[in-house]
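Here's the structure we're looking at; comments come further down.
Order of listing sets the numbers, starting from 1, for every ligand and every atom in it. Remember, it's a predicted structure, so these values are computed and weren't measured experimentally.
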Amino acid sequence: MKKIGVLTSGGDAPGMNAAIRAVVRKAIYHGMEVYAVKNGFQGLIDGSIEKMDIGSVGDIIQRGGTILRSARCDEFKTDEGQNKGIEQLKKYEIEGLIVIGGDGSFRGAQKLTEKGYPCIGVPGTIDNDIAGTDFTIGFDTALNTIIEAIDKIRDTATSHERTYVIEVMGRDAGDLALWSGLADGAESILVPEKADDFQEVIERLKRGHERGKKHSIIILAEGVGSGLTYGERIQEATKLETRVTVLGHIQRGGSPTASDRVLASRLGAKAIDLLLRGEAGRMVGIQNNKLVDRDILDVLSEQHQLNSEMYQLSKELSI
Ligand code: ADP
């Protein structure tokens with residue numbers, strides 16, 4: 001394989017740039033030519049493709065977002081859209097493609113693979129909601145952003161003796177809520193994977209208040225429901241002053257943590273190894289600190305599992 005492409009697709013995540021850098025540098029190290037496909041699959045259809053060199057990825061390892069930009073592209077879900085993309089790949093004689101993104105992006109990568117264009121997926125999403133890898137690129141940075149925000153909110157919560165409901169990202173996966181809740185000693189953590197026992201949350205708040213606790217923090221993943229509605233229900237049931245903060249897109253941005261930079265570099269480089277070995281339709285991941293690769297179809301058919309032991313621990317530590 002002599003010419004390959006790289007694109008980022010779906011929601012952006014801090015560390016994507018470090019992954020792009022690793023892909024480009026490792027490919028060039030192995031004597032390949034690398035082409036950037038801008039704006040995800042939309043750019044593939046439009047032919048927004050340009051050659052990269054070692055310098056194209058200089059000074060980006062520390063930057064959030066993605067220099068290749070990202071887009072959602074419904075047209076690519078159709079046969080016609082995919083064929084248009086393939087036309088562009090043929091035009092540039094690109095023989096393999098690295099797709100950095102979430103599971104939606106991997107579906108696009110799988111379609112291309114089925115049509116004869118080998119693709120390798122690199123998991124980049126802050127949600128950590130992909131099966132077959134312990135961590136996705138961007139999760140650690142988002143987690144640390146949440147912790148920083150909660151620490152600040154906690155100061156106000158203590159000063160005013162308030163209950164705070166903090167809504168964090170995670171439509172289908174509660175990892176950001178669980179990890180940030182454990183890291184910040186939250187009273188209750190509400191995740192989409194586990195049934196929410198409202199009465200238990202209320203009892204815990206009341207116990208804490210009676211014990212003289214100055215503040216309480218409840219973390220709620222967005223997939224569970226609206227933080228605002230939840231906050232109203234809490235205030236009604238406990239009669240304690242309750243405020244709600246929806247952290248929103250602040251969780252997506254920022255300079256990637258060291259962990260995310262290292263993970264992205266390792267996964268990006270591993271993706272090139274797979275293409276060089278003639279592999280296709282696989283996702284690179286990390287399990288028990290070892291690089292692994294899995295069939296994308298398996299990854300898409302499985303669900304990422306919430307760590308039940310950690311979930312149980314969070315309950316035991318906030319009695
Ligand atoms: P993420 O990759 O973060 O999960 P999305 O689910 O929005 O983000 O998917 C990103 C893009 O991947 C979509 O806009 C679309 O271009 C492509 N995609 C998603 N699902 C499919 C599919 N079934 N077939 C082909 N392409 C898809």
> Any side-chain donor-acceptor pair under 3.5 Å between T141 and D260?
Replying inline: yes
>> Among all protein heavy atoms in this structure, tell me which lies nearest to atom 22 (C) of ligand 1, with the distance rounded to 0.1 Å.
In response: R107 CB, 3.5 Å
>> Using modelled atom types and a 3.5 Å cut-off, is there a donor and acceptor pairing between side-chain atoms of E95 and backbone atoms of M1?
In response: no
>> Suppose we measure from atom 3 (O) of ligand 1 to each protein heavy atom; which comes out shortest, and what is that distance?
In response: G11 N, 3.4 Å
> For ligand 1, which atoms sit closer than 4.0 Å to a heavy atom of G102?
Replying inline: 1 (P), 2 (O), 3 (O), 4 (O)
> Hey, is F76 touching ligand 1 through its side chain, its backbone, both or neither, going by heavy atoms under 4.0 Å?
Replying inline: both
>> Please verify the inter-ring angle class for F76 with F41; under 30° counts as parallel, over 60° as perpendicular, anything in between as tilted.
In response: parallel
>> If we ignore hydrogens and angles and just use 3.5 Å, is the side chain of T8 paired with the main-chain N or O of R69 as donor and acceptor?
In response: yes
> For atom 8 (O) of ligand 1, which protein heavy atom lies nearest, and how many Å away is it?
Replying inline: R72 NH1, 3.1 Å
>> Tell me every residue that passes side chain to side chain contact (heavy atoms under 4.5 Å, CB included) with D155, counting only those two or more places apart in sequence or in another chain.
In response: none
> Would T125 count as a contact of ligand 1 if the rule is a heavy atom under 4.0 Å away?
Replying inline: no
>> Check this for me, if you would: do E33 and K2 make a salt bridge, where the nitrogen-to-carboxylate-oxygen distance has to be below 4.0 angstrom?
In response: no
>> Tell me the nearest of G10, S70, C73 to atom 14 (O) of ligand 1, using heavy-atom distances.
In response: C73
>> Could you report the tightest heavy-atom contact between M52 and I28, atom names first, then the distance?
In response: O-CD1, 4.4 Å
>> Just to be sure I'm reading this right: ignoring hydrogens, which of G101, G108, A13, G104 gets closest to atom 9 (O) of ligand 1? Compare them by their nearest heavy atoms.
In response: G104
> Of the listed options (G121, S9, S105, G81), which comes nearest to atom 2 (O) of ligand 1 when hydrogens are ignored and any heavy atom counts?
Replying inline: S105
